[in-house]
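Below, read A as the first sequence line, B as the second, and so on, with proteins coming before strands; counting in each chain starts at 1.
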Amino acid sequence: MEYNFSEIEQKWQAAWDKANAYKVSNESDKPHYYVLDMFPYPSGAGLHVGHPLGYIASDIYSRYKRQKGFNVLHPMGFDAYGLPAEQYAIQTGQHPEVTTNENIKRYISQLRKIGFCYDWSREVKTCDPKFYKWTQWAFIQMFNHYYDTAAQKAKPISELVARFEKEDPAWATLTEKEQQERLMNYRIAYLADTKVNWCPALGTVLANDEVSEGLSVRGGYPVEQRVMRQWCLRVSAYAPRLLEGLDRVDWTDSLKDTQRNWIGRSEGAEMRFEIKGQDAPITIFTTRADTVFGVTFMVLAPESEYVERLVTDGQRDEVEQYLAWVKRRTERERIADRKVTGVFSGSYAINPLTNNEIPIYISDYVLAGYGTGAIMAVPAHDSRDYAFAKHFGLPIVPLIEGADVSEQSFDAKEGRMMNSGFLNGLEVKDAIARMKEHITNTGIGRVTVNYRLRDAIFSRQRYWGEPFPVYYKDGMPYTVDEKDLPLLLPEVRDFKPTADGRPPLGNADNWTYKGYPLELCTMPGFAGSSAYYLRYMDPTNDEALVSRQANDYWQQVDLYLGGSEHATGHLIYSRFWNKFLYDLGLVCKDEPFRKLINQGMIQGRSNFVYRYIGEGATGNLYISYNLINNPEYKDKVQPIHVNVNIVNNDVLDITAFRNWMPEFKNAQFIFADGTSSEIEDNPYLGAAMPKQYICGWAVEKMSKSMFNVVNPDDVIAKYGADTLRLYEMFLGPLEMSKPWDTNGIDGVHRFLRKAWNMYETISDDAPTAEELKSLHKLIKKVTWDIENFSFNTSIPAFMIAQNELYALKCNKRAILEPFAVLLAPYAPHIAEEMYHRCNTLPFREGAGVGSSFVIDAPWPECNEAYLIEDTQKYPVQFNGKVRFTLECPKDTPREEVEKFVLAHEDTARYLAGNTPKKVIVVPGRIVNIVM
RNA sequence: GCCGCGAUGGUGGAAUCGGUAGACACGAAGGACUUAAAAUCCUUUGGCCCGAAACGGCUGUGUGGGUUCAAGUCCCACUCGCGGUACCA
């Protein structure tokens with residue numbers, strides 16, 4: 001019986017569709033479970049084999065949960081706004097919506113072929129007005145709320161207005177514009193002049209997580225700092241809760257650590273330093289209050305508000321020159337070139353403890369956005385201050401006994417204090433506490449907590465995004481009435497910025513509301529992805545983002561799968577967004593994702609041919625990989641990427657290679673055997689037998705330019721979706737990054753084919769103990785694997801069980817039916833067909849095990865585990881005194897065990913001194929002692 | 001620099017609670033079937049040594065120490081690789 005995978009897969013995919021097997025209802029008596037994949041951005045290149053890794057894992061888990069009797073929500077959608085579609089639009093004039101929809105169509109067809117159990121009736125896409133209505137709606141709520149830090153909760157801005165009216169007599173005297181300006185300092189979505197990452201090549205600002213090493217994450221273009229008036233979200237207000245919430249979610253420690261670092265809580269103190277000759281002090285933030293006695297100068301960020309006040313006339317020219325130079329530098333230059341720069345302001349501060357006059361400098365190593373934008377410098381115990389002090393010849397006062405600061409600073413927070421007045425002799429930790437007490441009591445400062453996390457910049461000067469529901473009157477923003485949502489993205493004549501440099505929406509006709517101009521920026525990519533998981537719960541609701549009823553049923557995402565690259569972007573923003581909605585009483589859980597797993601990235605595995613470039617090279621000769629280190633070729637070959645799709649198990653298809661590109665048309669080879677003749681005479685037939693050219697390989701990023709992109713459609717055409725699914729899991733642990741290496745796929749395919757052959761004729765005979773043992777081992781293993789997301793180790797377990805059953809020639813329904821049920825989450829199509837072959841019941845479309853929706857075949861329980869734990873107890877005497885009970889495999893001869901114990905005197909003596917509860921023995925070695 | 005993760009045969013990887021390291025698969029070698037090839041099946045496959053035989057010995061999980069009757073697994077120090085982050089005071 002032939003394993004015709006494409007016939008089987010098409011048959012069942014059609015049957016599941018027809019039966020609506022994966023449609024999920026919000027009304028069910030079953031327990032609920034919500035499994036979510038991070039939805040993809042539909043790029044023009046389509047899916048490659050790396051994308052479905054996480055989807056397959058979540059699909060296995062979803063199917064398993066269904067079989068276990070859960071009502072499982074497992075949806076899919078598209079993060080449809082994004083830069084590539086817009087860049088493409090600028091180049092071609094093609095509307096991004098058109099390309100996006102084409103790409104989505106292609107993605108869906110690719111995903112369907114893999115046999116996922118998504119409820120497609122719940123599909124969302126972020127560029128759909130029915131969807132972005134709720135993105136705009138949430139923005140309006142953020143505009144109309146402020147964060148009450150005392151209550152640690154978002155509250156309506158009207159409450160703040162009422163408080164101002166009541167408590168501040170000046171409020172009533174303000175004009176409306178002045179009132180609005182004041183409220184802007186409190187709104188959760190607010191407009192502000194902020195230093196932003198401006199990317200000239202993309203013509204837009206970017207959030208901190210969209211920039212890496214001074215380059216844009218998308219495209220890798222240089223980014224510079226600019227001050228612009230932008231929409232921002234007050235994410236920083238939620239920093240304490242974002243941090244605290246991490247203790248209540250089931251995420252990996254590494255991801256939690258990444259978020260904790262990004263949020264960057266640090267406990268310290270704010271201190272005031274008086275300025276010589278001025279009334280007002282300046283405030284700094286420090287985590288090392290213990291080092292105040294070593295403060296020998298102070299430094300301001302170039303953008304600090306203090307700069308203007310502290311620059312003396314004598315220094316003004318020099319300072320202005322420096323500020324202009326800092327402003328010109330790009331972010332990239334600043335990172336690349338870390339030399340010490342700075343300028344003296346002319347003013348002096350007074351060290352509050354030593355009463356020394358200390359100079360105040362301005363330098364770009366101090367950041368305006370963190371703390372107060374000003375620092376006290378302790379060169380002896382901070383490497384940055386140290387470098388600065390050395391450069392400008394400033395005094396360095398060591399404060400910790402034994403610290404040698406002649407060559408470098410001593411940054412560690414350990415040791416005993418000296419040169420520090422009342423702190424002398426204290427350990428650093430105690431000194432910090434003591435000094436905090438001191439500054440609080442004397443009023444020099446106060447204990448505070450600082451966060452690194454900054455507000456999210458929410459404006460993008462682009463076309464392809466959600467329009468802000470905002471119009472401007474008298475220069476102040478007002479939100480569009482909720483009844484007028486969604487505010488549709490307008491058509492534009494040109495996707496590029498306007499001639500006078502305004503964002504692309506400036507090209508739209510009548511972009512006004514009630515006669516007032518509308519906002520020209522659009523929202524960033526993370527806007528639409530911040531609450532999409534809620535929309536799946538209730539995707540067609542026109543009255544609300546999600547009804548409270550639907551939210552109460554599904555609660556939150558139970559299992560979220562996606563890449564760790566979203567740790568400091570999407571996963572922060574959506575937690576913030578969710579907490580905001582929670583404050584408004586719209587959702588019942590303040591954390592959106594209960595358990596989160598990061599699947600690793602699938603890297604490419606590139607193949608190379610080696611062009612001979614030594615003496616007499618024609619440029620047409622290629623050396624087999626196994627020969628390139630031979631003396632005659634060593635260092636005389638040049639590796640060239642070759643399309644992995646014309647290489648099989650590292651053996652090049654030379655005909656395909658010659659046809660691949662014109663430059664290889666006349667390629668000649670030195671084959672693995674060291675000769676150049678392409679055929680070997682066949683002694684039997686005299687027929688042509690092609691010889692082997694071996695390619696080299698390397699692990700690289702999967703990309704077009706490396707010719708190492710493998711398309712899942714091709715794999716499915718060759719091996720079927722079930723093989724693809726199994727193989728992706730077989731490749732290695734889910735969380736680990738690994739290269740896509742097709743070399744092992746035959747083994748997995750062979751397993752399915754062999755398994756398939758067991759189902760040719762089904763017998764009703766009672767299973768033997770041996771057969772049951774195989775099955776029970778498998779049940780135990782696969783259950784453990786799925787519940788622990790250890791999918792890769794299930795495939796070998798299936799192979800072992802299958803080999804055992806194959807050897808026993810087992811064709812019994814009692815074994816093969818549960819086997820199919822176990823296999824169904826991994827390989828649903830073949831399992832469905834296997835299951836129906838076992839089943840004598842009348843065939844019902846879509847009602848089987850692969851659909852795992854109508855539970856005809858519940859997950860098998862393993863009640864006869866004794867068949868696996870096949871052990872026996874032996875009483876053993878040692879020296880006639882100490883008596884043990886040893887547990888060992890049933891077939892271990894008694895003499896063997898006793899001989900063993902006596903032969904291991906150390907162990908025996910150990911056992912004599914400790915009385916173990918249980919000792920498990922195998923011939924030759926003790927394997928387990930339970931105390 | 002800091003934080004996190006990892007290192008096991010020719011390759012991908014297994015060993016789930018400290019208990020027979022190398023499961024399973026690929027590749028390779030040999031064999032059966034075949035006019036031949038493909039497909040399929042069987043055998044061998046970490047290294048070294050002894051041997052007529054082995055259910056024989058030694059060695060072995062990046063390096064060096066340690067804890068333990070027992071360490072791939074725990075502890076300390078280090079090397080290399082990967083990911084994140086970076087003047088965060």
K.L.:
With salt bridge (Lys or Arg N to Asp or Glu O under 4.0 Å) as the criterion, how do A:Glu2 and A:Arg753 come out once you've worked through the C-alpha distance, each side chain's angles and the decisive distance to 0.1 Å?
P.N.:
CA-CA 8 Å; A:Glu2 183 85 357; A:Arg753 217 161 44 202; over 6 Å; no
K.L.:
Syn or anti for B:G9, taking syn as within 90° of 0?
P.N.:
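B:G9: syn.
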K.L.:
Please check the phosphate of B:G4 (OP1 and OP2 only) for any side-chain N or O of A:Arg260 closer than 4.0 Å.
P.N.:
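No, outside the criterion.
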K.L.:
Partner of B:G12 by Watson-Crick or G-U wobble geometry, both contacts under 3.5 Å, or none?
P.N.:
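Answer to the pairing question: B:C24, which forms a Watson-Crick or G-U pair with B:G12.
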K.L.:
Please give the distance between the P atoms of B:A77 and B:U8 as a whole number of Å.
P.N.:
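Those two atoms are separated by 23 Å.
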K.L.:
Pick the C1' atom in B:G31 and in B:U79, then give their distance to the nearest Å.
P.N.:
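Rounded to whole Å, the distance is 46 Å.
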K.L.:
Which pairs, protein N/O on one side and nucleotides 6-15 of chain B N/O on the other, fall under 3.5 Å?
P.N.:
residue, atom, partner, partner atom, Å
B:G12, O2', A:Leu731, O, 3.0
B:A14, OP1, A:Asn792, ND2, 2.8

K.L.:
Grab the CD-P distance between A:Glu735 and B:G4 for me, whole Å please.
P.N.:
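Those two atoms, CD and P, are 18 Å apart.
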K.L.:
Using the side-chain heavy atoms of A:Arg452, tell me which of these nucleotides is nearest: B:A23, B:A86, B:C87.
P.N.:
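Within the option list, the nearest is B:A86.
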K.L.:
Looking at B:C3, B:A89, B:C26, which one has an atom nearest to any side-chain atom of A:Thr286?
P.N.:
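That would be B:A89.
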K.L.:
Please classify the nucleic acid contact of A:Lys339 as base, sugar-phosphate, or nothing, using heavy-atom distances under 4.0 Å.
P.N.:
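Contact class for A:Lys339: none.
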K.L.:
In this structure, how many angstroms lie between the P atom of B:C26 and the CD1 atom of A:Ile694, rounded?
P.N.:
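The answer, rounded to whole Å, is 18 Å.
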K.L.:
Base, sugar-phosphate or nothing for A:Asn788? Non-hydrogen atoms, less than 4.0 Å.
P.N.:
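Contact class for A:Asn788: none.
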K.L.:
Taking for each residue the nucleotide of RNA chain B bearing the nearest heavy atom, is the 5' side occupied by A:Gly744 or by A:Arg753?
P.N.:
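With A:Gly744 and A:Arg753 compared, the 5'-side residue is A:Gly744.
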K.L.:
Which atom pairs, one a donor and one an acceptor, fall under 3.5 Å between side chains of residues 794-803 of chain A and the rest of the protein, sequence neighbours left out?
P.N.:
residue, atom, partner, partner atom, Å
A:Ser794, OG, A:Asp785, OD2, 2.7
A:Ser794, OG, A:Tyr826, OH, 2.7
A:Gln802, NE2, A:Phe751, O, 2.9
A:Asn803, OD1, A:Lys754, NZ, 3.3
A:Asn803, ND2, A:Met799, O, 3.4

K.L.:
Do A:Ser409 and A:Asp382 come within less than 4.5 Å of each other through their side chains, counting heavy atoms only?
P.N.:
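Side-chain contact under 4.5 Å: no.
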K.L.:
Determine the contact category for A:Asp746: base if any of its heavy atoms lies under 4.0 Å from a base atom, sugar-phosphate if only primed atoms, P, OP1 or OP2 are that close, otherwise nothing.
P.N.:
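The residue A:Asp746 makes no contact with any strand.
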K.L.:
Is it the case that the side chains of A:Ser606 and A:Asn708 hold a donor-acceptor pair, with the cut-off being a distance below 3.5 Å and no angle test?
P.N.:
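There is such a pair (donor and acceptor under 3.5 Å, judged by atom type) between the side chains of A:Asn708 and A:Ser606.
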K.L.:
Tell which nucleotide pairs with B:A53, taking only Watson-Crick or G-U wobble pairs whose two distances are both under 3.5 angstrom.
P.N.:
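When the pairing criteria are applied, nothing turns out to pair with B:A53, so the answer is none.
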K.L.:
Looking at residues at least two apart in the chain, or sitting in another chain, which of them share a side chain to side chain contact (heavy atoms under 4.5 Å, CB included) with A:Gln599?
P.N.:
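Checked A:Gln599 against side chain to side chain contact (heavy atoms under 4.5 Å, CB included); matches are A:Leu53, A:Leu734.
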K.L.:
What is the pairing partner of B:A37, taking Watson-Crick or G-U wobble pairs with both distances under 3.5 Å in any strand?
P.N.:
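By the stated definition (distances under 3.5 Å), nothing pairs with B:A37.
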K.L.:
Just how far, in rounded Å, is P of B:A89 from CG of A:Asp385?
P.N.:
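A:Asp385 atom CG is separated from B:A89 atom P by 12 Å.
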K.L.:
If you find the nucleotide of RNA chain B closest to A:Asp382 and the one closest to A:Ser564, which residue's nucleotide is nearer the 5' end?
P.N.:
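First, find each residue's nearest nucleotide; the 5'-ward one identifies A:Ser564.
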K.L.:
Hey, is the side chain of A:Tyr365 poking within less than 4.0 Å of OP1 or OP2 on B:A89, counting only N and O atoms?
P.N.:
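No, outside the criterion.
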K.L.:
So if I take every side-chain heavy atom of A:Asp257 and compare against B:C26, B:G4, B:A89, which nucleotide ends up nearest?
P.N.:
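Looking only at heavy atoms from C-beta outward on A:Asp257, the closest nucleotide is B:G4.
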K.L.:
Please confirm whether the ring centroid of A:Tyr451 lies under 6.0 Å from the ring centroid of A:Trp262.
P.N.:
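Distance test on ring centres: not under 6.0 Å, no.
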K.L.:
Whether A:Lys429 and A:Glu414 form a salt bridge (side-chain N of Lys/Arg under 4.0 Å from carboxylate O of Asp/Glu) is what I want to check.
P.N.:
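No.
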K.L.:
B:C24 P sits how many Å from A:Asn803 CG, rounded?
P.N.:
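My rounded result for the distance is 8 Å.
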K.L.:
Starting at CD1 of A:Ile602 and ending at P of B:G83, how long is that distance when rounded to a whole Å?
P.N.:
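Value for this atom pair: 16 Å.
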K.L.:
Can you confirm whether or not the ring centre of A:Tyr386 sits under 6.0 Å from the ring centre of A:His381?
P.N.:
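Centroid distance A:Tyr386-A:His381: not below 6.0 Å, so no.
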K.L.:
A:Ile795 CD1 to B:A23 C1': how many Å, rounded?
P.N.:
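So the CD1-C1' distance, A:Ile795 to B:A23, works out to 14 Å.
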K.L.:
When the ring centroid of A:Phe388 is compared with that of A:Tyr365, is the distance short of 6.0 Å?
P.N.:
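When the ring centroids of A:Phe388 and A:Tyr365 are compared, they turn out to be within the sub-6.0 Å range.
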K.L.:
For B:U44 versus B:G22, give the span between their C1' atoms, rounded off to a whole number of Å.
P.N.:
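Here B:U44 and B:G22 have their C1' atoms 16 Å from each other.
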K.L.:
Can a side-chain donor-acceptor contact be found between A:Ser266 and A:Asn450 if the only test is distance below 3.5 angstrom?
P.N.:
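A:Ser266 and A:Asn450 do not have a side-chain donor-acceptor pair below 3.5 Å.
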K.L.:
Check the phosphate of B:U40 against A:Arg750, side-chain N and O only, distance under 4.0 Å to OP1 or OP2. Yes or no?
P.N.:
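For A:Arg750, the contact criterion (side-chain N or O under 4.0 Å from OP1 or OP2 of B:U40) is met.
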K.L.:
Of all the nucleotides listed (B:U40, B:C87, B:A89), which has the minimum atom distance to the side chain of A:Ser266?
P.N.:
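Nucleotide nearest to A:Ser266's side chain: B:A89.
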K.L.:
Nearest to the side chain of A:Trp262 - B:C26, B:U85, B:G84?
P.N.:
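Of the options given, the side chain of A:Trp262 lies nearest B:U85.
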K.L.:
Quick one: look up who B:U73 pairs with, Watson-Crick or G-U, both distances under 3.5 Å, and put none if it's unpaired.
P.N.:
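Pairing partner: none.
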K.L.:
Verify the ring-centre separation between A:Tyr361 and A:Phe392: is it less than 6.0 angstrom?
P.N.:
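Between A:Phe392 and A:Tyr361, the centre distance is under 6.0 Å.
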K.L.:
For B:U85, what is the paired nucleotide under Watson-Crick or G-U wobble rules, both distances under 3.5 Å?
P.N.:
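Partner of B:U85: B:G1.
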K.L.:
Rounding to the closest angstrom, what is the interatomic distance between B:U61 and B:C33 at atom P?
P.N.:
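Looking at atom P only, B:U61 and B:C33 are 43 Å apart.
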K.L.:
P atom, B:G65 versus B:C26: distance in rounded Å?
P.N.:
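So the two P atoms sit 39 Å from each other.
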K.L.:
For a quick check of understanding: with a heavy-atom distance under 4.0 Å over all strands, which category does A:Ile375 fall into, base, sugar-phosphate or nothing?
P.N.:
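The answer is base, as A:Ile375 lies within the cut-off (heavy atoms under 4.0 Å) of a base atom.
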K.L.:
Using atom C1' of each nucleotide, how far apart are B:A29 and B:G9 to the nearest Å?
P.N.:
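Rounded to whole Å, the distance is 16 Å.
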K.L.:
In this structure, how many angstroms lie between the C1' atom of B:A39 and the CH2 atom of A:Trp756, rounded?
P.N.:
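Going from A:Trp756 (CH2) to B:A39 (C1'), I get 19 Å.
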K.L.:
Rounded to the Å, how far apart are A:Phe388 CZ and B:C87 C1'?
P.N.:
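Checked: the CZ to C1' distance equals 12 Å.
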K.L.:
Could you classify B:C42 for me, syn or anti, using a glycosidic angle within 90° of 0 as syn?
P.N.:
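With its glycosidic angle more than 90° from zero, B:C42 counts as anti.
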K.L.:
Say you pick atom P in B:A54 and the same atom in B:U45; how far apart are they, in whole Å?
P.N.:
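To the nearest whole Å, 12 Å.
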K.L.:
Give me the distance, rounded to whole Å, that separates B:U40 from B:A25 when you measure between the P atoms they each carry.
P.N.:
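Approximately 13 Å lies between the P atom of B:U40 and that of B:A25.
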K.L.:
In the structure shown, which nucleotide is the Watson-Crick or G-U wobble counterpart of B:G6, with both distances under 3.5 Å?
P.N.:
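Looking at the geometry, B:G6 pairs with B:C80.
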K.L.:
Taking any strand in view, what nucleotide pairs with B:U43 in a Watson-Crick or G-U wobble way, both distances under 3.5 Å?
P.N.:
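Answer to the pairing question: B:A29, which forms a Watson-Crick or G-U pair with B:U43.
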K.L.:
Just to be sure I understand the rule, does A:Val299 reach a base, reach only the sugar-phosphate, or reach nothing, if contact means heavy atoms closer than 4.0 Å?
P.N.:
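Here A:Val299 touches no strand at all.
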